Structure formats: structure tokens, C-alpha cells
Undergrad: 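So that we are looking at the same thing, I have put the structure below in C-alpha cells.
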Protein chains: 2
Amino acid sequence: MKEALLCPRLAKAMELLGKRWTTLIIYQLIDGSKRFNEIESSLPISGRLLSERLKELEKEGLVERTVFSEVPVRVEYNLTDKGLALKDVVGGIESWSKEWL
Amino acid sequence: MKEALLCPRLAKAMELLGKRWTTLIIYQLIDGSKRFNEIESSLPISGRLLSERLKELEKEGLVERTVFSEVPVRVEYNLTDKGLALKDVVGGIESWSKEWL
DNA sequence: TAAAGTAAGTTACATAAAGTAACTTATGTT
DNA sequence: AACATAAGTTACTTTATGTAACTTACTTTA
């Protein structure tokens, strides 16, 4: 393992987006907010990891968490502007996958 | 963990690109072919994983491996059309990182 | 001619991340 | 009282990643 000669911003981006499930979670939120269970049901991810990833994304400011004090409690997640700015990237991956996979 | 209601092509794309180092390796090859050691030196990745990732990328047809029987042997890696088709995606991530990170 | 160097890996082992399933909490409904 | 529900969390197993030493095949240097 050598020192990185790599742009630190790109490295940081890939540390986020290159983590398993992250990009697919963002993809799920691109068309609007979703509840925890909705995301969980749309992806083959466990609650444990989904919770962990959403916390990371919230901490990095890509995702916003809103709690509705109903019974049972409802929690919605949505992309911030920073998260939404990845729309073209995610769309690009989707197009690539349709053309090449 | 639920069943995926997700587009299988996108899932497959993320299985590749969402694996640690993969996208950064592709990024290293976008401007032309590179040798094993060059990639290894440009990224904080170990030879073990770099070898593993390059094999996956070769198997999936994104990367091409060329051996030059010199002494010591020289091996060059370059993107195929399929790999090169990710140029905009990688560029998009780079732009996003510059604007938001 | 034995020792050292070089590129491209591989092996063996330690640590960290992800998968699985059961459990929790705070109400509301039957 | 027992059961249901959303959103997690916990404990434990399995898989992936990190680290560093080793390998191979030939060449140059001492």
C-alpha cells in the first residue's frame, strides 16, 4: 500500500459512493422521499446496514431525516441538494448498465 | 434482507462499481493504459487487491491486459470500449466531489 | 559466479465490514 | 392481555480487505 497521489476530494467521494449500497440508496431517493421500510423493501439490504448507511449519508449531508411522531413512528428520508446533485451520476450508471450489461 | 425489486442491470453495475477501488482503478486508466506498478503507486491499494480487481474487470470486459515479454515482464492494462463508456460517470463523480466536498 | 535487482504477482495471516436473525421500544388495536 | 407496527439495535457468523513476506524468471553488478 503506497501513499495516494490521488485527488483527495475524489478519494473522499469514492469512500462514500464506493461503499456497498450507498449509491443504490441514493438512487431510491432520487424521485422523492421514502420511509425506512420502503427503502429496505426495495433493496436486498438488511435493516442493520441500511440504518448505518443512512446515518453516514445524513452525517455527510446528502440525506435528511424527518421524524413524524405518529403511532407507530414514521421516518422519512430525502436527498439534500448535495445528494440530489448526484442525479446525473446515478443516471449515467443506469444508462451505462442498460447499454453494456 | 428482502428480495430486490431493483433493476438487475443497475444492481449488477453497482456490484462492480460499488466494490472498493474499482472506480478509482478505472479512473486511473481513463487517460490511457498503465502498468500494474503504476496503478499500484497511484492508489493506496495493495498488490493483492489490485490484482484481484483487475482480474474482475478483465473478466467483465471493462479492462484488457497485455503482456510484453521483456525482462522483467511488462504488463499493461487499458480500458475496453465498455470501460471507456464510464468516462462521463467517473467525470461526473469528479465534478461532484469538486463542487460539494 | 554468487548476490542483488526488477515487475508482476501470490500466499498466509490479522483486522474490518457485511450478512442474518432475534430482540427492543412505544404506542394502538382486538 | 395478547398482538401488531415502524424503525431500529444487538449479538453472532461469514466475507472482504489490509499487511507484509515470498515467488518467478531473467539481468546486471560485485
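Quick caveat: nothing in here was measured; it's all calculated off a predicted structure. Sequence lines set the chain letters: A, B, ... in the order given, protein chains first and strands last, and positions in each chain run from 1.
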Undergrad: Please set out all donor-acceptor pairs under 3.5 angstrom arising from side-chain atoms of residues 10-19 of chain A, sequence neighbours excluded.
TA:
unit_1	atom_1	unit_2	atom_2	d
A:Lys12	NZ	A:Glu60	OE1	3.3
A:Lys12	NZ	A:Glu60	OE2	3.4

Undergrad: Nearest-Å distance, CG (A:Leu24) to P (C:dA18)?
TA: 13 Å

Undergrad: In whole angstrom, what separates A:Leu50's CG from C:dT20's P?
TA: 14 Å

Undergrad: Could you state the atom-to-atom distance from CD1 of A:Ile25 to P of C:dA18 in whole Å?
TA: 11 Å

Undergrad: Taking only residues two or more places apart in sequence, or in another chain, which ones meet A:Glu64 in a side chain to side chain donor-acceptor pair (under 3.5 Å)?
TA: A:Asn78

Undergrad: Test of understanding: with salt bridge (Lys or Arg N to Asp or Glu O under 4.0 Å), list the residues that count as partners of B:Glu52, not counting sequence neighbours.
TA: B:Arg48

Undergrad: How do A:Arg74 and B:Glu52 order along DNA chain D: which one's closest nucleotide is nearer the 5' end?
TA: A:Arg74

Undergrad: Closest to the A:Arg35 side chain: C:dA18, D:dA7, D:dG8?
TA: D:dA7

Undergrad: Would you find a donor on one side and an acceptor on the other, under 3.5 Å apart, between the side chain of A:Gln28 and the backbone of A:Ile25?
TA: no

Undergrad: Take atom CD of A:Glu76 and atom C1' of D:dA6, then tell me their distance rounded to the nearest Å.
TA: 12 Å

Undergrad: Run the side chain to side chain contact (heavy atoms under 4.5 Å, CB included) test against A:Ala85 and tell me which residues pass, sequence neighbours left out.
TA: B:Trp96, B:Trp100

Undergrad: Taking only N and O in the side chain of B:Trp21, is any of them less than 4.0 Å away from OP1 or OP2 of D:dG18?
TA: yes

Undergrad: Do any pairs count as a salt bridge (charged side-chain N to carboxylate O under 4.0 Å, His left out) and have a residue in residues 76-91 of chain B, sequence neighbours left out, and if so which ones?
TA: B:Arg74-B:Glu76

Undergrad: Provide, to the nearest angstrom, the distance between the CD1 atom belonging to A:Ile45 and the P atom belonging to C:dA17.
TA: 15 Å

Undergrad: Taking B:Glu56 first and then B:Arg53, would you say they form a salt bridge - that is, a charged N and a carboxylate O separated by under 4.0 Å?
TA: yes

Undergrad: For the base of D:dT10, is there a side-chain donor-acceptor partner from A:Arg48 under 3.5 Å away?
TA: no

Undergrad: Among all residues two or more places apart in sequence or in another chain, which pass the side chain to side chain contact (heavy atoms under 4.5 Å, CB included) test with A:Val67?
TA: A:Arg65, A:Val73, A:Val75

Undergrad: Whole angstroms only, please: what is the CZ-C1' distance between A:Arg20 and D:dA16?
TA: 9 Å

Undergrad: Give me, pair by pair, the N or O atoms of the protein and of nucleotides 24-30 of chain D that are less than 3.5 Å apart, along with how far apart they are.
TA:
none

Undergrad: Tell me if a side-chain donor or acceptor on A:Glu40 pairs with a main-chain N or O of A:Gly47 at a distance below 3.5 Å.
TA: yes

Undergrad: To the nearest Å, give me how far apart CD (B:Glu40) and P (C:dA7) are.
TA: 11 Å

Undergrad: When you check the phosphate oxygens OP1 and OP2 of D:dG8, does a side-chain N or O of A:Tyr77 lie under 4.0 Å from one of them?
TA: yes

Undergrad: Does anything in residues 53-66 of chain A reach DNA chain D, meaning a heavy atom under 4.0 Å, and if so which residues?
TA: A:Lys55, A:Arg65

Undergrad: Taking five pairs at each end, how big is the angle between the two axes of the helix from C:dT1-D:dA30 to C:dT30-D:dA1, to 10°?
TA: 30°

Undergrad: Go through the structure and list residues passing side chain to side chain contact (heavy atoms under 4.5 Å, CB included) with A:Ser95, not counting sequence neighbours.
TA: none

Undergrad: Ignoring the backbone of A:Ser51, work out which of D:dG8, D:dA7, C:dG19 is nearest its side chain.
TA: D:dG8

Undergrad: B:Lys98: what forms a salt bridge (Lys or Arg N to Asp or Glu O under 4.0 Å) with it, not counting sequence neighbours?
TA: B:Glu94

Undergrad: Taking the minimum atom-to-atom distance to the side chain of B:Leu49, which one of D:dG18, D:dG8, C:dG19 wins?
TA: D:dG18

Undergrad: Under the side chain to side chain donor-acceptor pair (under 3.5 Å) test, which residues partner A:Glu99, sequence neighbours left out?
TA: none

Undergrad: Could you tell me how far apart A:Glu70 (CD) and D:dA6 (P) are, to the nearest whole angstrom?
TA: 11 Å

